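One structure is given below, encoded as structure tokens.
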There are 2 protein chains.
Amino acid sequence: MTQDPPPPPSPTLEDVARAAGVSRATVSRVINGIRNVDSAIQEAVRQAVAATGYVPNRAARSLVTRRTGSIALVVSGAGGESGSFPVEVLADPFFGRVAGGVVGYLRPRGIHPVLMFAETAEARAQVLASLRQGDADGAVLVSTHAEDPLPRLLAEARLPAVLFARPAEPVPISYVDVDHRAGARLAADHLVARGRKQIVTISGPLDVPASQARLAGFRDAMAAHGHPFVPCAEGGFTYHSGERAMERLLADHPGLDGVFVANDLMAQGALPVLRHHGRAVPGDVAVVGFDDSSAATACRPALTTVRHPVEDMAAELARLLLEHVGQPGRRPTSIIFEPSLVIRDSS
Amino acid sequence: MTQDPPPPPSPTLEDVARAAGVSRATVSRVINGIRNVDSAIQEAVRQAVAATGYVPNRAARSLVTRRTGSIALVVSGAGGESGSFPVEVLADPFFGRVAGGVVGYLRPRGIHPVLMFAETAEARAQVLASLRQGDADGAVLVSTHAEDPLPRLLAEARLPAVLFARPAEPVPISYVDVDHRAGARLAADHLVARGRKQIVTISGPLDVPASQARLAGFRDAMAAHGHPFVPCAEGGFTYHSGERAMERLLADHPGLDGVFVANDLMAQGALPVLRHHGRAVPGDVAVVGFDDSSAATACRPALTTVRHPVEDMAAELARLLLEHVGQPGRRPTSIIFEPSLVIRDSS
DNA sequence: CTGAAAGCGCTAACAA
DNA sequence: TTGTTAGCGCTTTCAG
């Protein structure tokens, strides 16, 4: 057993107060930026803080304020029985963007998110308990699947929470989302403007509201352009599902000359399949993705895609959550962002 | 201003004690699983806990135990001046695997990591302060660049911390790493066994110890096979840098028939370049990657690669950290994992 | 404008 | 085996 000298106890408010020759209360006021403190004293306190190397103790503060000052970033959804859910989710570029947006907003405010996963009933219970116990003041939720029970559970527990994307069934909870229909319309208009005649689409999983909206929006827009029927192959938002869907479409509609793929990752999978079947992109087939994720620029050719402002949305979500934490009675709000078309080389 | 009725105050130990007809201390003992409590009483307490819906208050507990019961997952390194560091890092499949491994170990133990980023001096200071004020009991550090000052800062502050990968300069801190040289040797042996004669390599950034070790290990093994000189193009572990490096190598060594790429992401970038230049893989050129990340199976053809057991390593790292948190004086340890070769279609 | 004092909910001696 | 008690470090009335 090795032993180092025990670390010196860190200074407390009391120590600072003594060094500054004032009371604990005064030091506390200065530290918390409360006005009504003589500026000479403020200065003295600041010096004492610097001299002692004082850092406020979070636990003590939380105990009295009943706030932890941190928030949870919860990834929820129906993961398989495998224990690998966290790995899969974290490797998803979409999640990375959400987390990045949340962190980007929170960090300047000195708060670090607590990462939690809720893919099983047990994990959800753990998350709920964690929040009730005060691991965080509220939660930013990202669901990977529809029908996620967690939003409702959080709302019922009256825990501050906000959602990335509209829930499948209405739940009294704030959320941000992108206008999926409008995005799909952008893609449709673009493919038609490029003179494509046999246009098909690869959708996301149809139990997800976002997938439904993208498909419906695309079909509506195509109908308005005089294409009442658009063949569709359902994918699962993964690279491999994109490959498979493209294979199916090519088999059923060999003459296709335009594809709208409901996310970039599937489009990344579709591209090699097209090439393998001798179709040049964009020469023979124009491809439009959705998201404008890192996959879009990793593709060859680089993907024309509908930009989903995920980072901005996530930042707004974090802002909303902090607002809810600050005013517990606040009514839920939803904010819808507008997508835009990013034209690259695939169409 | 909307108002809901204020939420009922959550029950405290005192409430449970009253309901069970015992003292706070006894309830505390039961909750913390301390023996020496009459089983009848234990049962009564459990019932009272269930009846009241009691959840222990973390802040109060931390205040006295001087433990938060959570750990920080810190991503460190020299990010650019852009504020997008978190987004970039989180989108990296490698980081996802590390985080997944850490979470996989921690979650069954009821602890959720706090996510922090430390790419600038300011951010590092914030991380240090955060740890000192008790946002977490210790830190798992993942550095994206060598010469990261954070490991040393943490060691000097005597904060429990562990590292993924050996630091560039020695620092008294525990870490896990893979045997990079051995992995590179595996790749060399394999390419030679496949009958390749003009073998080249794409290395990672050479200021990173891991990159140096992979390159050195590869060259040593090739030398042992009678190839004293192996051309190398330096990359930056990114998709695009892999493309560029492959272009350079092809220009300088048009006859190359085998490539060892120091990570899968760069290999994923190299593959389309080879195809574009009319080289079939593995027919004309055999390609071997490193990491066995998700990129390896997303490639076409699927990548033969050196498996880097990142998740297992990360889990071990989390275990090590908890050990250090538990015994503050504990000496640093390092654990080296063995890589293995995963043969797929690219060689 | 500043200080004194109470107490947040819990654990850990120490007594019994 | 159980209960009593003293704080952990901080914020926040309430006096002054």
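Scope of the values below: all heavy atoms of this structure, side chains included, with no hydrogens, waters or symmetry mates. These numbers come from a predicted model, not from an experiment.
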Verify, without hydrogens or angle tests, whether [X] (side chain) and [Y] (backbone) share a donor-acceptor contact under 3.5 angstrom.
| X | Y | answer |
| --- | --- | --- |
| A:Arg107 | B:Phe117 | yes |
| A:Asn32 | A:Ile34 | no |
| B:Asp137 | B:Ile71 | no |
| A:Glu311 | A:Gly100 | no |
| A:Arg24 | A:Asp15 | no |

(message) Judged by each residue's nearest nucleotide on DNA chain D, which is more toward the 5′ side, B:Val37 or A:Ala25?
(response)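 Upstream on the strand: B:Val37.
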Calculate the interatomic distance between [X] atom [atom1] and [N] atom [atom2]; express it in whole Å.
| X | N | atom1 | atom2 | value |
| --- | --- | --- | --- | --- |
| B:Arg67 | C:dA12 | CZ | P | 10 Å |
| B:Leu13 | C:dG7 | CG | P | 18 Å |
| A:Arg24 | C:dC8 | CZ | C1' | 13 Å |
| B:Asn32 | D:dT2 | CG | P | 15 Å |
| A:Asn36 | D:dT13 | CG | P | 14 Å |
| A:Asp15 | D:dC10 | CG | C1' | 13 Å |
| B:Glu14 | C:dC8 | CD | P | 10 Å |
| A:Arg18 | D:dG9 | CZ | C1' | 13 Å |

(request) Work out which heavy atom in A:Val45 is nearest to a heavy atom in A:Val16; give both atom names and the distance. (result)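 What the structure gives for the nearest pair is O-CG1, 4.3 Å.
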(message) Side-chain N or O of A:Thr26 versus OP1/OP2 of C:dG3: is the shortest distance under 4.0 Å?
(response)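 Checking C:dG3 against A:Thr26, a side-chain N or O does come within under 4.0 Å of OP1 or OP2.
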(message) Taking only side-chain N and O atoms of B:Ser28, does any of them lie within less than 4.0 angstrom of OP1 or OP2 on C:dT11?
(response)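 Yes, within the criterion.
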(request) Give, ordered by number, those residues of residues 46-65 of chain B having at least one heavy-atom distance below 4.0 Å to an atom of DNA chain D; if nothing qualifies, reply none. (result)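 DNA chain D contact set from residues 46-65 of chain B: B:Leu63, B:Val64.
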(message) So, under a plain 3.5 Å distance rule, would you say the side chain of B:Arg66 forms a donor-acceptor pair with the base of D:dG9?
(response)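 Counting by modelled atom types and ignoring angles, no donor-acceptor contact under 3.5 Å is found here.
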(message) Using the side-chain heavy atoms of A:Thr12, tell me which of these nucleotides is nearest: C:dT2, D:dC10, C:dG3.
(response)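 The answer is D:dC10.
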(request) Could you check A:Val142, A:Leu153, A:Leu141, A:Val171 and say which one makes a side-chain contact (heavy atoms from CB on, under 4.5 Å) with A:Asp148? (result)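 Exactly one pass, corresponding to A:Leu141.
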